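A note on names: the letters A, B, ... follow the listed sequences, proteins ahead of strands, and every chain is numbered from 1. Fair warning: this is a prediction, and the values are worked out from it, not measured in the lab.
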Amino acid sequence: MRISFGYVAMSVVLKDCSPSRTITLQNLSKIASEKDRFARLTSIARENLDNTQRLFFHNRANDIKIFRITSKLIPLATHPVTENWDWFAEVKDKLKSLGDYARENDFRISAHPDHFTLLNSPREEVTEASVRDLEYHLRILDGMRLDSSAKLVIHVGGGYKNKEASLARFIQNYKLLSRDIKQRIVLENDDKIYTARDVLELCQELKIPMVLDIHHHWCNNYNDDISDYLADIFSTWDGETRPPKIHISSPKDEKHFRSHADNVESSFLLDFMAKAKQLNRDFDVMIEAKNKDQALFNLMTELRQIPYIRFIDGGCIEVW
DNA sequence: ACCTGTCAAGTCTGG
DNA sequence: CCAGACTTGACAGGT
């Protein structure tokens, strides 16, 4: 059983390397001409892509193949004020070279549209904005020429006081999405509304791979034991070219149980590994922690003390 | 160089 | 019905 590790969007080790620089509407509006406004936006976007390339070098140097790119690569990309800005033309060269590098190094790239991307909202304008946001993410991944194994991780959405109706609305709206978007979407259980069991059933019905978030499962679970669902959750990835993925994080504290702690406690991962072991199936683990890549490195250091773990390289272990 | 209130976007809860 | 919580990195204005 091989487990590969990755982290989310930014490094706390590399200096001045944010891939998420942006500009506020107020400051953008201070620039008089549209040409100059677009030039400013382009400059920020290209800087974000350069920093993403630095992150890729860093990941390569540390054997990290699992990585989530930020959703904020292109400032204000889906805001109406940039409607006439052809951002894709301005950055496609950099997207292509990022994608080339990702493929050369066998990176597994994903993105996670933000929490206001909701396919099941009863408000039509919210759903429409969400589709536009998914299209934006699609253009990024397509621009990198990554195949459909590069996923868009989203949640089911809100409960709207009626989960059944809201699930039905998700199904209805999901089916209206383009094939290119559907191929990339994977669904994750959340910490408040849709449990792992809920999401598994939905994923099975729509044939969507499911990302299990262990921390969310602790928060929201119908008292289910995840062991009972693990084989089925992993099976939702059977048609895919890449292994199943899980998210792991530690609660910040008792009072802020749903928030992410600085690091991930290795015991949580070891517990999960024990449950997954009988499935004897490779999987990828996304570390979600305030300390980002440093949390991953810290976890690896702890895992080196475990006798039944063999390190393949700095970002991948084998368990027996 | 550092600090703090604010920022495009949604939903839910509590008053 | 509305204000505040949630969550979070970065901006931007001020010291």
Side-chain angles (χ1 to χ4, degrees), chain A residues 7-31 37 40-41 43-45 47-52 55 68-85 87 111-137 152-163 165-167 169-170 173 188-195 213 215-216 219-220 247 249-262 286-295:
Chain A
Y7 67 99
V8 175
M10 59 178 287
S11 168
V12 300
V13 177
L14 300 181
K15 294 301 162 207
D16 299 319
C17 195
S18 169
S20 305
R21 275 203 65 186
T22 185
I23 185 169
T24 57
L25 285 176
Q26 199 179 23
N27 262 12
L28 188 67
S29 71
K30 289 176 191 162
I31 303 171
R37 284 196 296 277
R40 180 83 192 98
L41 290 161
S43 153
I44 293 170
E47 184 183 328
N48 286 341
L49 289 161
D50 287 342
N51 283 341
T52 302
L55 288 160
R68 177 190 304 167
I69 55 172
T70 176
S71 291
K72 301 189 183 73
L73 277 178
I74 312 297
L76 303 172
T78 57
H79 191 281
V81 299
T82 66
E83 201 175 12
N84 298 320
W85 174 43
W87 61 264
H112 196 344
D114 280 311
H115 56 95
F116 42 80
T117 298
L118 298 158
L119 284 179
N120 73 343
S121 173
R123 293 166 56 200
E124 204 171 324
E125 69 274 22
V126 172
T127 309
E128 283 169 2
S130 299
V131 173
R132 282 198 297 278
D133 192 54
L134 289 170
E135 284 166 349
Y136 154 73
H137 284 87
L152 295 174
V153 182
I154 60 172
H155 296 284
V156 180
Y160 310 101
K161 298 187 172 134
N162 185 341
K163 271 168 84 169
S166 301
L167 280 164
R169 215 163 33 240
F170 180 93
N173 290 334
E188 175 188 349
N189 58 309
D190 65 76
D191 55 0
K192 286 203 196 102
I193 302 162
Y194 298 98
T195 67
D213 187 306
H215 184 182
H216 291 167
C219 300
N220 181 27
H247 292 172
S249 46
S250 291
K252 186 178 165 75
D253 53 51
E254 204 57 44
K255 187 171 175 341
H256 305 93
F257 191 83
R258 298 205 310 271
S259 302
H260 291 168
D262 292 350
M286 183 66 79
I287 303 292
E288 296 185 330
K290 287 244 188 272
N291 281 347
K292 307 290 178 188
D293 53 341
Q294 187 58 57

Subject >> Nearest-Å distance for atom pair CZ/P, residues F116(A) and dT8(C) >> reply: 14 Å
Subject >> Distance between P atoms of dA12(C) and dA8(B) (Å, rounded) >> reply: 10 Å
**OP:** Describe the nucleic acid contact of K290(A) in one word from base, sugar-phosphate, nothing, applying a heavy-atom distance below 4.0 Å.
**Re:** sugar-phosphate
Subject >> Over-ring placement of K163(A) relative to Y194(A), 6.0 Å and 45° cut-offs >> reply: yes
**OP:** Could you list by number each residue of residues 14-27 of chain A showing a heavy-atom separation from DNA chain C of less than 4.0 Å, or answer none if no residue does?
**Re:** S18(A), S20(A), R21(A), T22(A), I23(A), T24(A), N27(A)
Subject >> Sub-4.5 Å side-chain heavy-atom contact between E128(A) and R123(A) >> reply: no
Under 3.5 Å between N/O atoms: give me all the protein pairs with nucleotides 2-6 of chain B, atom names plus distance.
none

**OP:** Please determine if K290(A) and D262(A) form a salt bridge, counting it only when a charged side-chain N lies under 4.0 Å from a carboxylate O.
**Re:** no
**OP:** Find which nucleotide of DNA chain C each of R40(A) and D191(A) is nearest to by heavy atoms, and output the residue with the more 5' nucleotide.
**Re:** D191(A)
Subject >> Value in whole Å for how far the C1' atom of dA10(C) lies from CG of D114(A) >> reply: 13 Å
Subject >> Minimum-distance nucleotide to K30(A) side chain [options: dG13(C), dA8(B), dT11(B)] >> reply: dG13(C)
Subject >> Candidate nucleotides dG10(B), dC12(B), dT8(C), ranked by approach to the side chain of H260(A) - the nearest >> reply: dT8(C)
**OP:** In whole angstrom, give the distance that lies between atom CZ of R123(A) and atom P of dC12(B).
**Re:** 11 Å
Subject >> Pair N220(A), T195(A): side-chain N/O donor-acceptor within cut-off below 3.5 Å >> reply: no
Original post:
Does the side chain of H137(A) pick up a donor-acceptor pair with the side chain of S71(A) at under 3.5 Å?
Top reply: yes
Nucleotides 13-15 of chain B: which of its N/O atoms have a protein N/O under 3.5 Å away?
none

Original post:
When you compare dC2(B) with dT8(C), how far apart are their P atoms, in angstrom units rounded to a whole number?
Top reply: 24 Å
**OP:** Could you tell me which residues satisfy ring-ring contact (aromatic ring centres under 6.0 Å, His included) with H155(A), sequence neighbours excluded, listed by chain and number?
**Re:** H112(A), H216(A)
Subject >> Distance in angstrom units between Y194(A) OH and dT11(B) C1', rounded >> reply: 12 Å
Original post:
Going by heavy atoms in the side chains, are L73(A) and W87(A) under 4.5 Å from each other?
Top reply: no
Original post:
Rounding to a whole Å, what distance do you find between D262(A):CG and dT8(C):P?
Top reply: 11 Å
Original post:
Any chance the side chains of S20(A) and T70(A) put a donor and an acceptor closer than 3.5 Å?
Top reply: yes
Subject >> Spacing of the P atoms in dC3(B) and dT7(C) (rounded, Å) >> reply: 24 Å
Original post:
Which listed nucleotide (dC12(B), dT8(C), dG9(C)) is nearest to the side chain of K292(A)?
Top reply: dG9(C)
**OP:** Consider only side-chain N and O atoms of N120(A) and S166(A), and report whether a donor and an acceptor are under 3.5 Å apart.
**Re:** no
Original post:
Quick one: are T127(A) and L118(A) in side-chain contact, heavy atoms under 4.5 Å?
Top reply: no
Polar atom pairs (N or O), protein with nucleotides 4-6 of chain C, under 3.5 Å:
none

Original post:
Can R169(A) be said to sit on top of Y160(A)'s aromatic six-ring, NZ or CZ under 6.0 Å from centre and within 45° of the ring axis?
Top reply: yes
**OP:** Only stems of 3 or more consecutive Watson-Crick or G-U pairs count here, both distances under 3.5 Å; name the ones for DNA chain C, or none.
**Re:** B:1-7 with C:9-15, B:10-15 with C:1-6
Original post:
Taking the side chain of H79(A) as heavy atoms from C-beta outward, which of dG10(B), dA8(B), dC12(B) is closest to it?
Top reply: dA8(B)
**OP:** Scan G157(A) against the nucleic acid and name what it touches under 4.0 Å (heavy atoms): base, sugar-phosphate only, or nothing.
**Re:** nothing
**OP:** Describe the nucleic acid contact of S121(A) in one word from base, sugar-phosphate, nothing, applying a heavy-atom distance below 4.0 Å.
**Re:** sugar-phosphate
Subject >> Minimal non-hydrogen separation, P113(A) against L134(A), with atom names >> reply: CG-CD2, 4.0 Å
Original post:
Is there a donor-acceptor contact under 3.5 Å linking the side chains of S18(A) and R21(A)?
Top reply: no
Original post:
Does D190(A) reach the main-chain N or O of K192(A) with its side chain, forming a donor-acceptor pair under 3.5 Å?
Top reply: yes
Subject >> Crowding at CD, E124(A) (>12 non-hydrogen neighbours, <6.0 Å) >> reply: no
